[in-house]
Amino acid sequence: MRITDIIEKKRDGKELSTEEINFFIEGICSGSVYEYQASALLMAICIRGLDKRETADLTMAMARSGDMIDLSEIPGVKVDKHSTGGVGDKTTLVAGPIVAACGVPVAKMSGRGLGHTGGTIDKLESIRGFRTSLSREEFIRNVKEIGIAISGQTGNLAPADKILYSLRDLTATISSVPLIASSVMSKKLASGADRIVLDVKTGSGAFMKTLEDSIKLAEEMVSIGELTGRKTATVVTDMDTPLGNCVGNALEVREAIEVLRGRGPEDLKTVCCELAARMLELGGKGDIAFCRDLVENSLKDGSALKKFGELAMKQGAEYMPWDERAMQEAVVKHPVKATREGYITSMESELVGKASMLLGAGRKTRDGTLDHSAGIILYKKTGDYVRPGETIAELHTSSRKLLPEAEAMLIQAYGLSPEAPAERPLILAYVDSSGVTRY
Ligand code: URA
């Protein structure tokens, strides 16, 4: 088999066999397929597409390129959750403990943030002492003992995806539905869960900017799940506005705790509860109405909050996460005032994420350091009316000199108009193997 023949075949719009896809993935891992050849094939895939079988084959080949985590020692149906990434997205911190408190085991491997989007692992590490690098044994033992563990991804999880992802980043081949779907799902399959709930974000702060593209991506991932024997369901949720009022690591943990206490912003609570209910449904707890009740009860009776405390203690936290000593507080807090009057009609979530990153909450490179206390509290969001001089947000950072650029960027994120914006639902669609439901 020759890689040039495979590139030529896809260039001409023909279907690749399972063997050809395996040859490509093995080749990029061993180095026998050069980066320029891989890039050419990625571009051909981007333009010509892959059918469902080819996409499932690519996903399996990438999943098998590294460690395949075996969770069979943990009794029960293991349900994983994954978000395609957004701004202020702390749903794992809330949905994970709820699901575990309701009796479905959560064995979750999470990532770090990059660019304008945050990552669960960085958020958890803002809790003093919280360890996110667990050995396989400790990870499994914790899930068996307390029903939940959240760990960083091992270095060898789907290494082929890491290679392809960095090439895609450099060759304008990121935005291809089969390539995104196989990239996300390869890591999910390698992480070992039986069932998968995906939160596909749509809008200005997300990867997929339109609802139609987001539904296409959701359908593709559900189809991969079916073809590889992992039942998958997808909730498509709004990311035109940041989720909740806090962006930045420690701030987001505090906000997640508020939701676990049954308080916190309504938008965040709605998305977290829906994801948790879908995870419980997939975990076999009952129909969706029953699972939504279970979720509500776990917030009311405090069991979800208690589970978050147990998780933190088990993974080394020095204090309960709601203890004021548990997390660092920013030394500089700077109010941002509205300069104009009107309704907030739009928020460029990506700019909000970037402003937070400039304050120190995110990394500029994969190995960069971050300031866990940095971030933004949004006091006004889409739909609110503001007057000049009113405080719309508060910037948190460790260094005053970071304020001007971040403030200018945040102000640019807000779109104002004399007319109130139309209301947009937060949960836009649900996609599983029986089809698409739009809300
Ligand atoms: N997240 C991933 O893991 N892969 C993609 O291609 C896009 C988002």
Side-chain angles (χ1 to χ4, degrees), residues 21 24-25 28 38-39 41-43 45-47 49-50 54-56 58-67 69 80-87 89 91-92 108-122 151-193 196-210 213-225 228 230 232 234-237 239 349-350 353 362-363 366 431:
I21 290 171
F24 166 55
I25 294 301
I28 58 162
S39 304
L41 184 54
L42 288 171
M43 185 56 85
I45 292 173
C46 215
I47 293 167
L50 293 177
E54 289 174 294
T55 310
L58 178 63
T59 310
M60 273 321 285
M62 290 202 290
R64 289 202 197 103
S65 67
D67 299 340
I69 315 280
D80 200 353
K81 167 217 167 260
H82 182 82
S83 155
T84 56
V87 179
D89 181 359
T91 52
T92 296
K108 178 93 187 78
M109 296 225 173
S110 290
R112 295 188 182 279
L114 185 70
H116 74 281
T117 65
T120 301
I121 292 302
D122 293 328
S151 175
Q153 284 161 6
T154 70
N156 203 30
L157 199 81
D161 173 63
K162 281 198 192 83
I163 299 171
L164 289 187
Y165 194 88
S166 57
L167 287 180
R168 285 166 60 209
D169 208 13
L170 299 170
T171 56
T173 50
I174 290 270
S175 58
S176 146
V177 166
L179 291 180
I180 297 175
S182 54
S183 163
V184 170
M185 290 297 283
S186 64
K187 287 170 286 206
K188 294 292 101 185
L189 299 188
S191 305
I196 301 158
V197 172
L198 299 164
D199 178 8
V200 173
K201 300 285 183 198
T202 187
S204 66
F207 233 51
M208 305 310 268
K209 308 284 182 207
T210 70
D213 284 349
S214 306
I215 289 178
K216 241 188 260 160
L217 177 62
E219 288 180 306
E220 196 71 54
M221 294 196 286
V222 167
S223 154
I224 296 173
T228 54
R230 314 280 178 100
T232 301
T234 304
V235 185
V236 180
T237 66
M239 192 33 77
S349 301
E350 190 166 338
R363 292 183 184 79
R366 209 167 268 282
V431 183

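When a ligand or atom number is given, it counts from 1 through the structure's own listing order. Numbers here are sequence positions counted from 1.
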_Proximal ligand 1 atoms for Tyr165, defined as those under 4.0 Å from one of its heavy atoms_ = 4 (N), 5 (C), 6 (O), 7 (C)
_Test side-chain hydrogen bond (donor to acceptor under 3.5 Å, both in side chains) on Ser349 and Lys201; report intermediate values, then the result._
CA-CA 12 Å; Ser349 301; Lys201 300 285 183 198; over 6 Å; no
_Element-labelled atoms of ligand 1 that are located less than 4.0 Å from some non-hydrogen atom of Arg168_ = 6 (O)
*Closest protein heavy atom (residue, atom, distance) for atom 4 (N) of ligand 1*: Ser183 OG, 2.6 Å
*asked:* Are Met239 and Thr84 packed together at the side-chain level, in the sense that at least one heavy-atom pair is separated by less than 4.5 angstrom?
replied: no
*Under 6.0 Å from the CZ atom of Arg64, do we count more than 12 heavy atoms belonging to anything else shown?*
no
*Nearest protein heavy atom with distance in Å, relative to atom 3 (O) of ligand 1*: Lys187 NZ, 2.5 Å
*Starting from atom 1 (N) of ligand 1, locate the nearest protein heavy atom and write down its residue, its atom name and how far away it is, to 0.1 Å.*
Val184 CG2, 3.8 Å
*Should Thr92 and Ser83 count as side-chain neighbours, where that means a heavy-atom distance under 4.5 Å?*
no
*For atom 8 (C) of ligand 1, find the nearest protein heavy atom and state the residue, atom name and distance (0.1 Å precision).*
Phe207 CE2, 3.9 Å
*Less than 4.5 Å apart, any side-chain heavy atom of Met208 and any of Val236?*
no
